[in-house]
Amino acid sequence: MTALLTFQDVAKSFTLHLRGGIVLPVVGGVSLVVEPGECVVLGGPSGAGKSSLLKMAYGNYRCDAGAIRVRDGEAVVDVVRADPRVVLALRARVIAYVSQFLRVIPRVPALDVVEAAGREGGLSEEAARARAKDLLARLNLPERLWGLPPATFSGGEQQRVNIARGLIADRPLLLLDEPTASLDAQNRAVVADLVREKLKAGAGVLGIFHDSEMRDAVATRVVDVTRFAPQARAA
Amino acid sequence: MSAPLLSAHGLTKTYGNRLACAGIDLDITEGEVLAIVGESGSGKSTLLSLLAGELAPDSGEVRYRMRDGQTRSLADLGPAALRRLMRTDWGFVRQDARQGLRMAVSAGGNVGERLMGMGERHYGRIRGQALDWLGRVEIEAGRVDDPPSQFSGGMRQRLQIARNLVTGPRLVLMDEPTSGLDVSVQARLLDLIRRLSAELGLAVIIVTHDLAVARLLSHRIAVMRAGRVIETGLTDRVLDDPEHAYTQLLVASVLAA
Amino acid sequence: MSATGMSPFLGGSASRELPGRAPDDAQVPSPERDRGIVASVLDAAGNARGSGYNFAYLDEGTKRMIRRAILKAIAVPGYQVPFASREMPMPYGWGTGGVQVTAAILGQSDVLKVIDQGADDTTNAVSIRRFFAKTSGVATTTRTTEATVIQTRHRIPETPLTEGQILVYQVPIPEPLRFLEPRETETRQLHALAEYGAMHVKLYEDISRHGHIATTYAYPVEVAGRYVMDPSPTPKFDNPKMDDCPALQLFGAGRERRIYAVPPYTRVRSLDFEDHPFRVQEFTQPCALCGARGHYLDEVVTDDSGGRMFICSDTDICETRVAEAAR
């Protein structure tokens with residue numbers, strides 16, 4: 001059985017053309033593995049490149065070197081080199097990505113946002129509808145808000161919509177970038193439950209949780225990102 | 001992966017000694033939304049006209065997989081077949097609704113025209129389909145007999161979409177469909193385009209100078225500058241981690257949305 | 001129609017060469033007398049003697065050009081053939097297209113009938129008939145059965161036309177697609193590719209607005225299964241007469257410089273919808289003068305107190321029937 005997610009010798013830098021072409025190294029020599037049922041939490045100070053690693057795994061950031069392999073059923077896809085269409089197919093079936101920020105088309109009601117994500121993830125319309133309601137209810141989003149577009153919501157409410165959207169479909173690999181940053185303890189506990197359910201069902205998680213309570217509740221392993229600092233690799 | 005629905009190979013077009021499009025390659029398949037972004041004058045509208053067969057390229061070709069499964073070069077089709085393609089299997093949503101609609105003809109007539117063009121000769125069925133499509137683009141049934149000259153800008157664009165989609169096209173070209181609209185109207189239109197393209201599995205090529213529109217609608221993006229595609233790829237990757245200096249400038253020039 | 005009854009091409013000397021003329025001779029023409037004119041006013045070359053005009057006004061080169069256009073139009077039924085329309089001694093809108101077609105086909109032995117809205121005695125009809133009587137000296141008539149060439153504005157005679165007859169229509173706007181598409185380049189494309197979906201849009205609009213196809217004249221037809229054609233502003237009542245007609249039908253549009261044709265025995269189909277089939281107007285009452293049913297009727301106001309009657313618009317058939325009844 002291959003791992004769900006494998007980073008192999010991945011390096012990433014930014015070249016800022018607008019600032020004279022200076023190169024900002026982000027990470028280097030990244031190698032790590034996420035197995036089914038595992039929740040690997042990235043640790044380290046901000047700016048160490050934790051979010052960048054998630055974004056690379058999602059295909060959102062380019063890589064300078066290395067490979068990021070994601071298991072798609074029997075096949076394995078290298079996100080770094082894959083055709084955009086393959087990456088999109090992977091996102092539809094395999095990778096769920098939940099960030100702190102909700103980015104949706106304005107004016108679409110919250111319930112529809114979540115339901116649409118479910119359908120994009122392969123659920124039937126009825127199943128998506130039912131699960132969307134269930135998730136929003138579990139995340140304690142007041143029902144009166146379901147029919148409203150999330151742009152008008154508080155930060156915490158938006159984040160819960162975002163979590164519901166990210167977790168509604170049965171994708172085996174979850175990339176969680178501080179999904180609970182502005183949630184209260186009660187809702188953090190709900191998210192922890194949801195994540196544990198996914199793990200139990202065989203999903204793998206690569207996540208960033210600054211809140212230690214949340215991290216302790218879900219992490220099976222912590223990887224310190226400072227060891228991927230580009231200087232360390234150069235040295 | 002199935003063969004692309006439409007593909008362009010080395011498309012080049014010059015106006016005098018000005019290069020409007022230079023060696024452009026791209027392809028698109030069903031269910032995909034491709035955004036072509038760039039400033040005015042970057043050649044993106046010329047590219048759209050070349051893809052639509054409205055302009056003939058100086059060199060290069062556009063190939064299209066017809067409904068019978070045969071992939072043909074637009075240049076080999078001849079004007080009759082090309083126009084038939086345009087009014088049945090393709091849609092073209094124009095920036096200026098007046099170019100995409102008959103302003104003096106009722107909304108129902110505008111939607112029904114393409115059906116009549118395909119040989120439908122039953123008034124009841126034409127009207128039924130027109131009403132159905134008006135509903136799908138959120139225009140009240142009571143407006144079916146009003147001409148678009150009495151419609152707001154947003155309604156006109158939605159009517160254009162209904163008029164184009166009524167024949168079940170597989171490819172829809174859109175030229176700045178949301179520009180000139182109020183933001184709230186724009187949002188509603190974007191949602192509609194996204195929903196319909198996903199539901200119907202359309203291939204959509206959308207030309208826009210608005211990166212926010214490209215981000216919300218498209219799966220892939222092609223950045224044009226001075227007639228060339230300088231960067232292409234996953235929309236969010238190109239916008240969040242732009243590689244080319246010009247793309248970085250373009251992204252940095254936009255107010256955060 | 002001009003209320004003054006003055007036509008710009010009828011000068012004071014217009015009928016000077018016509019013997020036996022009377023102020024009312026055009027109003028009450030007699031075929032016998034008209035034929036008598038032929039011998040007396042033509043010179044050896046066939047030109048109207050003393051008129052100073054070439055036979056039938058147009059020079060022979062122009063006639064040849066128009067005949068070529070006519071031949072092409074007959075060869076491609078319903079297709080609008082461009083031609084170099086000449087300035088005629090009458091303004092556009094007075095039938096310059098029809099007059100040029102008539103001039104180009106008229107021979108010395110022809111018998112000409114001219115009608116306007118079905119009537120032989122209206123200003124436009126009288127003027128054109130006298131124009132040709134003067135410039136060609138051909139016989140004129142009001143009888144449909146006697147005419148070899150009938151120039152018409154807005155009607156087809158009720159009497160069925162026969163082989164050997166030619167019906168010449170005066171056409172104001174020959175392009176049936178014009179109301180939808182102002183660009184000539186585009187309408188030509190549409191015709192070339194037989195893209196006539198837009199043509200039904202007009203009918204669709206009618207039904208959506210009125211519940212039925214309310215277009216009553218200039219009702220578009222498809223000719224020989226190919227070109228869509230504007231039958232000129234004839235009432236749609238006359239459309240069925242165009243179908244499989246033994247006579248040759250020629251259409252001339254002077255201002256728009258187009259000639260088109262329907263050869264004898266050609267299929268002419270009025271456009272319609274399956275659930276709104278083409279129908280002609282029906283008149284509930286018979287003609288108040290001749291009692292005919294199934295003719296196209298004009299409403300005539302008879303007094304200042306709202307009195308009105310419906311009478312045949314085709315004056316020839318109406319008068320014939322009245323005369324027969326009196327006999």
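Keep in mind the model is a prediction, meaning the values are calculated, not measured. Proteins come first, then strands; the chains are lettered A, B, ... in the order of their sequence lines, and each starts at number 1. Values reported hereafter were calculated over all heavy atoms of this structure, with side chains retained and with hydrogens, waters and symmetry mates removed.
- You'll find the side chain of C:F273 stays beyond 4.5 Å of the side chain of B:R125, heavy atoms only.
- The environment of B:L77 atom CG is dense: over 12 non-hydrogen atoms of other residues, nucleotides or ligands sit within 6.0 angstrom.
- Heavy-atom distances place the side chain of B:R87, and not its backbone, under 4.5 Å from chain C.
- Taking B:L115, B:V105, B:V144 one by one and counting their heavy-atom pairs under 4.5 Å with chain C, the maximum is reached by B:V105.
- Annotation: B:R94, atom CZ; neighbour count of heavy atoms from other residues, nucleotides and ligands within 6.0 Å is above 12.
- For C:L180, the parts lying under 4.5 angstrom from a heavy atom of chain B are both the backbone and the side chain.
- With a threshold of 4.5 angstrom between heavy atoms, C:H200 approaches chain B through its backbone and through its side chain.
- The main-chain N or O of B:Y123 is found under 3.5 Å from a side-chain atom of C:D275 such that the two form a donor-acceptor pair.
- With a 6.0 Å radius and a threshold of 12 heavy atoms from other residues, nucleotides or ligands, C:Y217 has its OH atom at or below the threshold.
- Between C:E181 and B:R102, some side-chain heavy-atom pair lies under the 4.5 Å cut-off.
- The two residues B:R121 and C:D272 come nearest to each other via the heavy atoms CD-O, 4.1 Å.
- In this structure, C:E299 places its CD atom where more than 12 heavy-atom neighbours from other residues, nucleotides or ligands lie under 6.0 Å away.
- Crowding of B:N17 atom CG: a count of heavy atoms from other residues, nucleotides or ligands under 6.0 Å not exceeding 12.
- In this structure, the separation between CD on C:E274 and CD on B:E120 is 6.5 Å, given to the nearest 0.5 Å.
- For the pair C:E205 (side chain) and B:S106 (backbone), a donor-acceptor distance under 3.5 Å is present.
- Within 6.0 Å of CD on B:E140 lie no more than 12 heavy atoms contributed by other residues, nucleotides or ligands.
- Under a cut-off of 6.0 angstrom, the local environment of CZ in C:R279 is sparse, with at most 12 non-hydrogen atoms contributed by other residues, nucleotides or ligands.
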